[in-house]
Amino acid sequence: MQNKYDVVIIGAGAAGLMCAHTAAARNKKVALLDHSNKLAEKIRISGGGRCNFTNINTSPSQYISNNPAFCISPLSRYTPNHFCELLDKYNITYHEKTLGQLFCDGKSEQIIDLLDFLCKQNNVVRKMGVKVEQIEQNSSGFCLITDTEIIQTEVLVIASGGLSIPYIGASGFGYAIAKQFKLNIVPTKPALVPLTLGVEQLESFANLSGTSFFSRTSIGRTSFTENSLITHRGLSGPAILQISSYWDKDMAITLDLLPTDDICYLLEMNRKSNKLLNNFLHQFFSEKFALSLCDLIGINKSISQLSNKEIAKIKQTIHGLTITPNGTLGYKKAEVTKGGVDTRELSSKTMAVKNNSNLFFIGEVVDVTGHLGGYNFQWAWASAVVCGNSI
Ligand SMILES: Cc1cc2nc3c(=O)[nH]c(=O)nc-3n(C[C@H](O)[C@H](O)[C@H](O)COP(=O)(O)OP(=O)(O)OC[C@H]3O[C@@H](n4cnc5c(N)ncnc54)[C@H](O)[C@@H]3O)c2cc1C
């Protein structure tokens with residue numbers, strides 16, 4: 001039978017491409033299927049077109065999962081160094097932008113082209129624009145009924161990603177297959193996503209849309225000290241995207257707007273100054289932002305006239321501004337999907353389903369979600385290689 005493979009991988013994104021060439025290099029007959037006609041669109045649009053393909057600081061602590069220890073094994077067996085060695089071998093140059101984040105010097109397409117080349121070199125059969133309509137497990141593996149053909153495979157790998165950015169091909173396919181095989185799914189939600197504010201809060205930031213500021217943004221004990229951005233819908237920027245992965249309905253986030261200074265000490269040092277508070281704050285914030293903060297605090301007088309009670313109020317806003325977002329911009333704008341196939345159902349050595357050893361789940365469809373900064377691609381590469389090497 002011509003349509004018979006050792007391995008069929010559904011989803012030709014980051015994880016699918018990586019797994020396909022890894023398995024094919026081990027003499028497996030591999031087919032890689034995608035319902036989209038375009039290969040790895042998320043790699044192409046990632047990192048502003050330069051793909052933040054890994055982070056040199058990768059460790060399990062940068063991943064969120066209901067089973068946090070699961071990612072330790074795959075991440076330790078395929079590290080950022082391994083991926084860098086692959087890029088070095090094919091002369092793809094890159095640089096560290098900030099906080100260990102590695103980006104291509106050129107365009108993201110270089111990574112897609114490399115993975116595509118490795119698949120072609122290892123004779124992976126690629127089938128794009130294919131709709132998988134039904135999957136049945138039989139004595140010789142899995143039978144896939146697609147809109148164009150029937151395919152038989154011994155091993156099935158689901159690499160169909162999460163729900164974010166549906167217009168470039170994201171779908172709930174992987175979760176549906178997990179359900180079909182009676183696997184538990186950790187509830188999904190948009191993550192690394194801008195947060196929205198209600199009308200009242202938006203009004204207090206009305207003239208600040210486009211303003212960015214540095215802050216320590218926290219929910220409970222989790223915090224990120226990076227830039228944030230005020231938008232016409234609410235809040236965005238790296239610190240907000242990071243904290244959004246920990247945010248749930250009705251939760252407040254706390255912003256420390258001067259995380260490396262102590263506003264009380266700074267005011268005390270200037271106790272005799274006749275500067276108005278907004279002019280004083282302008283040394284740390286833009287003019288507009290400083291004025292809005294004074295509005296928010298409800299005080300704008302000279303430093304020398306501030307009472308201790310007023311200083312405490314200023315401290316409360318500068319070091320502990322609390323905002324309760326009313327939602328997120330959803331999967332349309334989320335970089336990733338939190339939750340997914342419960343890792344307790346999978347082997348961390350192989351990514352196979354524990355009680356169905358020829359069925360594998362890799363990449364974002366699994367309940368392992370990285371922080372912003374190259375960690376999600378590193379998970380895609382690591383889970384894919386571990387899987388490809390075990391098939
Ligand atoms: C705008 C944006 C920027 C990002 N930037 C970065 C970054 O710089 N660094 C980083 O680490 N992460 C980044 N990410 C996250 C990263 O892209 C993902 O975590 C990663 O692509 C997941 O890889 P994956 O292979 O599991 O899934 P995907 O790359 O999403 O691939 C899944 C594939 O499965 C296919 N598919 C879906 N449903 C079906 C179906 N029913 N049948 C057949 N095929 C199907 C899709 O078409 C797709 O090709 C970004 C995400 C977005 C949205």
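Start at 1 and go down the list; that is how both ligands and their atoms are numbered.
Ring geometry for F289 versus F285: interplanar angle over 60°, hence perpendicular rather than tilted (30 to 60°). The aromatic rings of F103 and H95 sit parallel, their planes meeting at an angle under 30°, below the 60° perpendicular limit. Aromatic ring orientation, F280 versus F284: perpendicular (interplanar angle above 60°, classes split at 30° and 60°).
Atom NZ of K179 is surrounded by 12 or fewer heavy atoms from other residues, nucleotides or ligands within 6.0 Å. At most 12 non-hydrogen atoms from other residues, nucleotides or ligands lie less than 6.0 angstrom from NZ of K107. Enclosure of atom CD in Q137 by more than 12 non-hydrogen atoms of other residues, nucleotides or ligands within 6.0 angstrom is indicated.
Of all atoms in ligand 1, listed by their number and element, those nearer than 4.0 Å to a heavy atom of A159 are 32 (C), 33 (C), 34 (O). Near G363, with a cut-off below 4.0 Å to any heavy atom, the atoms of ligand 1 are 26 (O). Near Y375, meaning under 4.0 Å from any of its heavy atoms, are these atoms of ligand 1: 11 (O). Every atom of ligand 1 with a heavy atom of G374 under 4.0 Å away is listed here by number and element: 9 (N), 10 (C), 11 (O).
The protein heavy atom nearest to atom 9 (N) of ligand 1 is N52 O, 2.9 Å. For atom 27 (O) of ligand 1, the nearest non-hydrogen atom of the protein is G161 CA, 3.5 Å. Of the protein's heavy atoms, A14 N, 3.6 Å lies nearest to atom 29 (O) of ligand 1. Distance from atom 43 (C) of ligand 1 to its nearest protein heavy atom, with residue and atom name: H35 N, 3.1 Å. When hydrogens are left out, the protein atom nearest atom 25 (O) of ligand 1 is A15 N, 2.8 Å; that is the closest non-hydrogen contact. Shortest contact from atom 26 (O) of ligand 1 to any protein heavy atom: E364 N, 2.8 Å. Of the protein's non-hydrogen atoms, K42 NZ, 3.4 Å is the one closest to atom 30 (O) of ligand 1. Looking from atom 20 (C) of ligand 1 to the surrounding protein, the closest heavy atom is F377 CE2, 3.7 Å.
The shortest N or O to N or O distance between N376 and ligand 1 is below 3.5 Å. Note: no N/O pair closer than 3.5 Å links S36 and ligand 1 by distance alone. Any N or O atom pair closer than 3.5 Å counts here, and K38 shares no such pair with ligand 1. For the pair G47 and ligand 1, the shortest N or O to N or O distance falls below 3.5 Å. At under 3.5 Å, not a single nitrogen or oxygen of F173, backbone or side chain, sits near a nitrogen or oxygen of ligand 1. For D34, a nitrogen or oxygen atom sits less than 3.5 Å from a nitrogen or oxygen atom of ligand 1, counting backbone and side chain alike.
Contact annotation: for I10 versus ligand 1, heavy atoms closer than 4.0 Å belong to the side chain alone. Using a 4.0 Å cut-off between heavy atoms, A384 makes no contact with ligand 1 at all.
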Inset, instruction - Check step by step if side chain to side chain donor-acceptor pair (under 3.5 Å) holds for N122 and H21. - result: CA-CA 6 Å; N122 289 294; H21 81 80; 4.7 Å; no

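In the candidate list V336, L163, I165, I165 is nearest to atom 53 (C) of ligand 1, counting heavy atoms. For atom 4 (C) of ligand 1, the nearest non-hydrogen atom from the set K127, Q378, E335 belongs to E335. Taking each of G370, G13, S171, S46 in turn, the one with a heavy atom nearest to atom 28 (P) of ligand 1 proves to be G13.
Taken from CG in N376 to CG in L192, the straight-line distance is 6.0 Å, to the nearest 0.5 Å.
Ligand 1 lies within reach of I45, whose nearest heavy atom is under 4.0 Å from it. Between A170 and ligand 1 there is no heavy-atom distance shorter than 4.0 Å. By the 4.0 Å heavy-atom criterion, S164 is excluded from the residues contacting ligand 1.
Nearest heavy atom pair, residue S245 against residue K189, reads O-NZ, 4.5 Å. When all heavy atoms are compared, the tightest approach of T54 to Q378 is OG1-OE1, 2.6 Å.
Partners of F53 according to the ring pair (Phe, Tyr, Trp, His ring centres under 6.0 Å) rule, which considers only residues two or more places apart in sequence or in another chain, are F83, Y94.
By the 4.5 Å heavy-atom criterion applied to side chains, L291 and K288 are not counted as neighbours.
Judged by distance alone, the side chain of T153 and the main-chain N or O of L156 form no donor-acceptor pair under 3.5 Å.
A salt bridge links E41 and R44; the closest N-O separation between the charged side-chain nitrogens and carboxylate oxygens is under 4.0 Å. Taking the charged nitrogens against the carboxylate oxygens, K127 and E149 do have a contact shorter than 4.0 Å, which makes a salt bridge.
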